[in-house]
Each structure stands twice: as C-alpha cells, then as structure tokens.
Colleague: 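Starting off with a structure, shown below.
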Amino acid sequence: MAMLLLHLHPSSSPSLTCLPSSQSLRIPTQKSNQFCSWRPGFCKQSIFRISCKGSLTTRKKATEISAKASAAEKQGTYAMEISEEAAAAEKEGKYDAIVIGAGIGGLVAATQLAIRGARVLVLEKYLIPGGSSGYYERDGFTFDVGSSVMFGFGEKGSLNLMTRSLEAVGKLVDLIPDPTTVHYHMPNSISIRVHRDYEHFICELTEKFPHEKEGIGKFYGECWKVHNALISLELKSLEEPLYLLEQFVRNPIACLTLAFYYPQNAGDIARKYIKDQNLLNFIDAECFLISTVRAYRTPMINASMVLCERHAGGINYPVGGVGSIAKQLVAGLLERGGGIKYKANVRKIILRDGKAVGVRLSNGTEIFSKKVISNATRWDTFENLLDQDAVPEDEKKFQKLYKKGLSFLSIHLGVNADVLPEGTDCHHLVLELVMNMDA
C-alpha cells in the first residue's frame with residue numbers, strides 16, 4: 001500500500017518581513033495508510049512545500065530548473081562563476097580536481113580543497129547550486145527544493161559540520177532555531193512533540209507512556225552513549241582502516257563502543273526495553289524520517305546521531321532559505337581561487353589506464369584534472385558516468401542487493417501567513433494507520 005508524506009515549509013523573499021508564525025493543518029487523502037507532515041513558515045507571507053512519498057513511478061519537482069537546464073544543454077552553453085586562478089588553471093589544463101555536482105557534499109569537498117591551495121572546478125548541470133538543499137525563485141518568492149530540517153549548525157562537538165564548513169571559508173548564515181523538531185500525530189489520537197530541549201521531550205514522552213518510563217530512559221540512554229562516542233572522534237569515513245586505527249589509538253573506548261553498536265539496529269534495541277506498541281510505532285516513525293524505513297532496518301549509529309544531535313546541536317533554519325548555505329559556500333569557493341560552471345552536464349568520466357583524468361560534457365567539451373570527485377548520486381556515477389566494465393565489483397554486488405525505495409513528488413504552494421496562529425510547530429507528521437511503512 002502506498003504511503004503519503006506531506007510536508008510544508010517556508011520559503012522566503014527579500015521583500016518579506018520574517019516573523020514567527022505557523023499553523024497546524026489537517027490534509028485529508030484517499031489512502032487508508034497516510035503519513036503526513038507539514039512545516040509552516042516564519043515570514044509575513046509564508047511559502048509552503050508539500051512533498052508526497054508514495055508508489056509513484058516518477059519523481060517530479062514543481063520547478064522549471066530541469067527544463068531550463070535541458071534547453072541550455074541543447075544550446076551547448078553554460079554559465080560560469082570562476083576566479084582568476086581557476087580561469088588560469090583551465091587555460092593551462094591544470095586543474096587539481098574536478099567536482100561533479102554542486103550539492104552540499106560537492107561544495108564542501110571543493111572548498112576544503114581550495115583552502116589548501118588546490119585548483120578546483122565544480123560542474124553543476126542545473127542553474128543553481130545546492131542539489132537537494134537547493135532552491136528556485138518564482139514570483140518574488142524563494143522555494144526550497146529539498147531539506148528543511150537542518151542539522152550541523154551546533155557550536156561544539158564533531159557533528160557541527162555545517163558550521164565548520166562555512167567557517168573554513170569565512171562565511172556564516174543567520175539561523176532561526178526550531179523549538180520543536182517534529183510534532184507527531186500518531187494513531188489512537190497520540191500527539192508527541194520532539195522539543196529541542198531534551199528533558200522537555202522526555203518529560204512529554206513519559207507523560208504519554210508513564211508505564212514505559214524506565215524503558216524510555218534506557219533506550220534513549222543507549223542513543224546518547226552512541227552519540228557521545230561519535231562526537232568524541234574526528235568524523236571521517238568509518239570504512240577507512242587507517243582512520244579507524246588512528247582514532248582507536250586516540251580514543252579506544254569510543255571506538256569499541258561504535259564497534260559494538262555497528263551491526264545493531266534501533267528497532268531491536270528499542271524492543272529490548274519497550275513493550276508498548278504505540279510507543280514502538282512512534283520510534284518507527286522517528287526512524288522513518290531518518291532512513292525512510294522502520295527502526296529494525298535503521299542502523300543504531302545512524303539513529304542515535306540524529307535522535308540526539310537534534311537536542312545537542314539543535315535544528316536550525318537558515319534565514320533566506322536553505323539555499324543560502326550553498327550560496328555562501330560558492331562565494332567562499334570563488335574567494336579562494338575555485339570556480340563553478342552551471343548548465344555543465346557531465347556525461348562521462350574520462351579514464352586512462354584505469355584512473356579518472358577528466359570529464360566529458362554533454363556538448364562535447366572535455367576538461368581534464370588530476371582528480372575527479374563525483375557528488376552525483378551513486379546510481380548516476382556508476383550507471384551513467386562510468387562504462388560498466390570500469391565499475392568496481394563491490395559496487396556491482398551492492399546494486400544486486402539494493403532495494404529501491406519510494407519515489408517522491410514535490411508540490412510548492414504559497415500561503416498567506418495571516419491565517420496561521422502564532423506559536424504552532426514548524427514540522428508536523430501525521431500517521432493515521434501503521435502498516436507497510438517501509439514497503
């Protein structure tokens with residue numbers, strides 16, 4: 001059975017005055033299994049986004065970005081923001097690195113290289129940067145096309161990656177703190193707010209499930225145990241042996257803690273302490289927002305990082321929209337000698353002797369560099385940008401085992417904020433029937 005996810009959040013316009021405002025909306029659907037949420041806004045005139053998850057055969061965005069990019073591609077043209085250093089590197093054919101895709105990951109990789117003196121070029125097939133944290137403008141308003149629950153803006157620890165990435169290039173964004181991460185509306189008329197303040201959240205949860213007070217404390221206690229181990233380490237890839245060895249020497253207890261929880265899932269641990277099915281359904285819903293599957297299919301490390309960091313670092317919304325993050329990273333990249341080209345659709349990664357040495361664009365242009373970094377999706381990278389005989393065997397095995405998830409539909413709406421009562425929570429999730437949550 002299909003699952004429907006509705007989610008509204010604010011966009012912003014430079015001419016609007018931002019004020020705290022929001023409303024809880026009930027959205028009826030035809031489906032008996034419904035999973036609905038929305039994020040009201042912060043602006044005098046608020047813009048909302050509805051996103052629906054279900055068994056759709058296509059993924060659509062209510063923007064004209066793809067159409068415009070396709071038109072530009074046919075014309076063989078691309079826009080460019082490039083520093084003098086990057087222009088010289090292109091003229092000499094001596095880029096140190098090409099980054100495919102201007103999503104947040106690609107921009108952070110590019111800026112980190114640029115501040116270390118590398119000559120970097122980012123190639124983005126759309127008109128704007130940001131990827132799933134991008135934006136588009138319509139009738140004076142700016143719409144987010146993806147993320148709105150933003151982690152990584154904390155002041156301490158190792159999970160404040162957005163703060164550190166922006167500070168590395170001398171940039172910052174103004175933030176609006178969300179006092180409530182999500183307001184859940186569960187079956188059996190159960191309403192639960194995930195407050196920014198952890199004690200407030202636990203107090204509300206135990207008021208709803210007083211008979212599970214001990215189990216709640218033990219489950220979330222284990223989450224904090226994992227989270228504290230994570231923030232004590234310098235976060236890099238958990239798949240790099242040399243990194244793991246270095247971290248083990250520095251903090252063996254944290255590494256052993258993560259090793260213990262690495263093969264475990266959040267569902268099994270929750271069920272070890274909690275018996276109430278309504279509470280377990282709530283934990284399933286929490287994990288669905290993290291991984292789009294139930295708790296028993298969500299790694300405990302992943303669940304713990306999100307379930308605790310929302311309290312430790314908090315959820316914050318950038319003033320001007322999520323796209324302001326990418327804008328600031330691009331500005332920092334240019335100031336440090338890097339470059340970015342838009343409407344530059346990479347069609348193929350060029351290999352020589354088994355090594356990536358450059359890329360070929362859809363208009364036939366070839367650009368070469370010492371290294372190629374792909375921020376395209378895993379599927380685009382290995383299925384489209386590389387010839388199949390160049391795909392690693394591990395990746396081929398992964399593709400055989402991988403189960404594709406639900407497709408995604410976004411609809412963007414503009415709503416007058418005057419109808420929104422003050423003080424309503426920003427993100428709402430409605431689950432009317434618990435079944436096939438991860439189908």
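All figures in this text were calculated on a predicted structure; none of them were measured in a lab.
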Colleague: For the CD atom of Gln328 and the OG atom of Ser165, what is their distance to the nearest 0.5 Å?
Modeller: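 Here the interatomic distance stands at 13.0 Å.
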Colleague: Between Glu335 and Lys171, is the side chain to side chain contact (heavy atoms under 4.5 Å, CB included) condition met? List the steps.
Modeller: CA-CA 11 Å; Glu335 290 172 6; Lys171 300 298 179 181; 2.7 Å; yes
Colleague: Tell me every residue that passes side-chain contact (heavy atoms from CB on, under 4.5 Å) with Ser324, counting only those two or more places apart in sequence or in another chain.
Modeller: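 In terms of side-chain contact (heavy atoms from CB on, under 4.5 Å), with neighbours along the sequence ignored, Ser324 is linked to Val173, Pro318.
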Colleague: If I compare all heavy atoms of Tyr184 with all of Ala285, which pair ends up nearest, and what's the gap?
Modeller: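 Taking Tyr184 first and Ala285 second, the nearest heavy atoms are CE2-CB, 3.9 Å.
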Colleague: Suppose we screen for salt bridge (Lys or Arg N to Asp or Glu O under 4.0 Å). Which residues come up paired with Glu383, at least two apart in sequence or across chains?
Modeller: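 Residues passing salt bridge (Lys or Arg N to Asp or Glu O under 4.0 Å) with Glu383: none at all.
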Colleague: From Thr257 OG1 over to Asn228 CG, what is the distance, rounded to the nearest 0.5 angstrom?
Modeller: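 Separation between the atoms: 9.5 Å.
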Colleague: Do the non-hydrogen side-chain atoms of Ile325 and Met150 ever get within less than 4.5 Å of each other?
Modeller: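 Counting from C-beta outward, Ile325 and Met150 do come under 4.5 Å.
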Colleague: Is the shortest distance from a Lys or Arg side-chain nitrogen in Arg250 or Glu246 to a carboxylate oxygen in the other one below 4.0 Å?
Modeller: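 Salt bridge flag = yes for Glu246 with Arg250.
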Colleague: What residues form a side-chain contact (heavy atoms from CB on, under 4.5 Å) with Ile350, not counting sequence neighbours?
Modeller: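 Residues passing side-chain contact (heavy atoms from CB on, under 4.5 Å) with Ile350: Val357, Arg360, Glu366, Phe368.
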Colleague: Please tell me if the side chains of Cys223 and Met300 come closer than 4.5 Å, counting only heavy atoms from C-beta onward.
Modeller: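 Yes, at least one pair of side-chain atoms sits under 4.5 Å.
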Colleague: Which residues satisfy the side-chain contact (heavy atoms from CB on, under 4.5 Å) test with Thr298, sequence neighbours excluded?
Modeller: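 Cys287, Ser291, Val293, Ala303.
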Colleague: Centre of Tyr261's six-membered ring, under 6.0 Å away, within 45 degrees of the axis: is that where NZ or CZ of Lys225 sits?
Modeller: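 Cation-pi check for Lys225 and Tyr261: fails.
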Colleague: For the backbone of Gly103 and the side chain of Asn375, can you confirm whether one donor and one acceptor N or O come within less than 3.5 Å of each other?
Modeller: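 Judged by distance alone, yes, a pair lies under 3.5 Å.
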Colleague: So how far is it from Leu230 CG to Ser304 OG, rounded to the nearest 0.5 Å?
Modeller: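 Answer for the CG-OG pair, Leu230 versus Ser304, is 7.5 Å.
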Colleague: Could you pull out all donor-acceptor pairs under 3.5 Å where a side-chain atom in residues 384-392 meets a protein atom, sequence neighbours excluded?
Modeller:
from: Asn384; atom 1: ND2; to: Asp380; atom 2: OD1; distance (Å): 3.0
from: Asp387; atom 1: OD1; to: Lys348; atom 2: NZ; distance (Å): 3.3
from: Gln388; atom 1: NE2; to: Phe382; atom 2: O; distance (Å): 3.1

Colleague: Is there a side-chain contact between Ile104 and Met162 (heavy atoms, below 4.5 Å)?
Modeller: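 Yes, close enough: below the 4.5 Å cut-off.
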Colleague: Could you tell me whether a side-chain N or O of Arg336 sits under 3.5 Å from a main-chain N or O of Val169, the two making a donor and an acceptor?
Modeller: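 Yes, because the side chain of Arg336 sits within donor-acceptor range (under 3.5 Å) of the backbone of Val169.
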Colleague: Should Ile128 and Tyr135 count as side-chain neighbours, where that means a heavy-atom distance under 4.5 Å?
Modeller: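 Result yes, sub-4.5 Å side-chain heavy-atom pair found.
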Colleague: Provide the closest heavy-atom pair for Tyr342 versus Tyr126 in the form atom of the first, atom of the second, distance.
Modeller: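 Answer, listing the atom of Tyr342 first, then Tyr126: CB-O, 3.3 Å.
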Colleague: Looking at Thr163, is its backbone amide N or carbonyl O close enough to the side chain of Asn160 to form a donor-acceptor pair, meaning the two atoms are under 3.5 Å apart?
Modeller: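 No, the answer is negative, given that no donor and acceptor are paired below the 3.5 Å cut-off.
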Colleague: Got a sec, which residues hit side-chain contact (heavy atoms from CB on, under 4.5 Å) with Phe248, two or more places apart in sequence or on another chain?
Modeller: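 Per chain and number, Phe248 pairs via side-chain contact (heavy atoms from CB on, under 4.5 Å) with Pro252, Cys255, Leu256.
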Colleague: What closest approach, in Å, do Ser232 and Ala229 show between heavy atoms, and which atom pair accounts for it?
Modeller: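 So the two residues come closest at OG-O, 2.7 Å.
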Colleague: Do Ser362 and Asn345 have side-chain N/O donor and acceptor atoms under 3.5 Å apart?
Modeller: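 Asn345 and Ser362 do not have a side-chain donor-acceptor pair below 3.5 Å.
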Colleague: Where do Asn316 and Pro177 come nearest, in terms of heavy atoms and distance?
Modeller: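 Result for this residue pair: OD1-CA, 3.5 Å.
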Colleague: To the nearest 0.5 Å, what is the distance between CG on Leu161 and CD on Glu309?
Modeller: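 Reported value, rounded in 0.5 Å steps: 8.5 Å.
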Colleague: Evaluate the side-chain proximity of Leu431 to Phe288: yes if any heavy-atom separation is below 4.5 Å, no if none is.
Modeller: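 Not in contact.
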Colleague: If you measure from the Lys or Arg side-chain nitrogens to the Asp or Glu carboxylate oxygens, is any gap between Glu393 and Lys396 under 4.0 Å?
Modeller: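 Salt bridge between Glu393 and Lys396, a charged N being under 4.0 Å from a carboxylate O: yes.
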Colleague: Is there a side-chain contact between Ile98 and Val346 (heavy atoms, below 4.5 Å)?
Modeller: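 Counting from C-beta outward, Ile98 and Val346 never come under 4.5 Å.
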Colleague: Applying side chain to side chain contact (heavy atoms under 4.5 Å, CB included), run through Val149 and Leu289 and close with a yes or a no.
Modeller: CA-CA 10 Å; Val149 178; Leu289 289 186; over 6 Å; no
Colleague: Taking C-beta and beyond as the side chain, do Leu113 and Lys371 meet within less than 4.5 Å on heavy atoms?
Modeller: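 Answer no - side chains too far apart.
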Colleague: To the closest 0.5 Å, what do you measure between CG (Leu307) and CG (Asn302)?
Modeller: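 Going from the CG atom of Leu307 to the CG atom of Asn302 covers 10.5 Å.
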Colleague: If we check ring pair (Phe, Tyr, Trp, His ring centres under 6.0 Å) with Phe201, which of these qualifies: His183, His311, His195?
Modeller: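 Output: one option passes, namely His311.
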Colleague: I'd like to know if the side chain of Thr381 and the backbone of Thr377 have a donor-acceptor N/O pair within less than 3.5 Å.
Modeller: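 Confirmed, Thr381 side chain pairs with Thr377 backbone.
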Colleague: Would you say Glu124's side chain and Ala102's backbone share a donor-acceptor pair under 3.5 angstrom?
Modeller: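 Indeed, once roles are kept as given, a pair shorter than 3.5 Å links the two residues.
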Colleague: For a 4.5 angstrom cut-off between non-hydrogen side-chain atoms, does Ile315 reach Phe151?
Modeller: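 In short, these two side chains touch, coming nearer than 4.5 Å.
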Colleague: Locate the shortest heavy-atom distance separating Gly101 from Val122; write the atom from each residue and the value.
Modeller: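 What the structure gives for the nearest pair is O-CG1, 3.8 Å.
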Colleague: To the nearest 0.5 Å, tell me how far Gln112 CD sits from Leu107 CG.
Modeller: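 So the gap between those two atoms works out to 11.5 Å.
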Colleague: Could you walk me through whether His200 and Arg193 pass side chain to side chain contact (heavy atoms under 4.5 Å, CB included), step by step?
Modeller: CA-CA 9 Å; His200 194 180; Arg193 288 179 172 86; over 6 Å; no
Colleague: Give the minimum heavy-atom separation between Asp144 and Gly323, together with the two atoms involved.
Modeller: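 Smallest heavy-atom distance, with atoms named: OD1-N, 4.1 Å.
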Colleague: With distance as the sole test, does Asp284 use its side chain to make a donor-acceptor pair with the main-chain N or O of Ala295 at under 3.5 Å?
Modeller: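 Checked: pair present.
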Colleague: List the steps, then state whether side chain to side chain contact (heavy atoms under 4.5 Å, CB included) holds for Leu172 with Leu166.
Modeller: CA-CA 6 Å; Leu172 56 83; Leu166 289 165; 5.6 Å; no
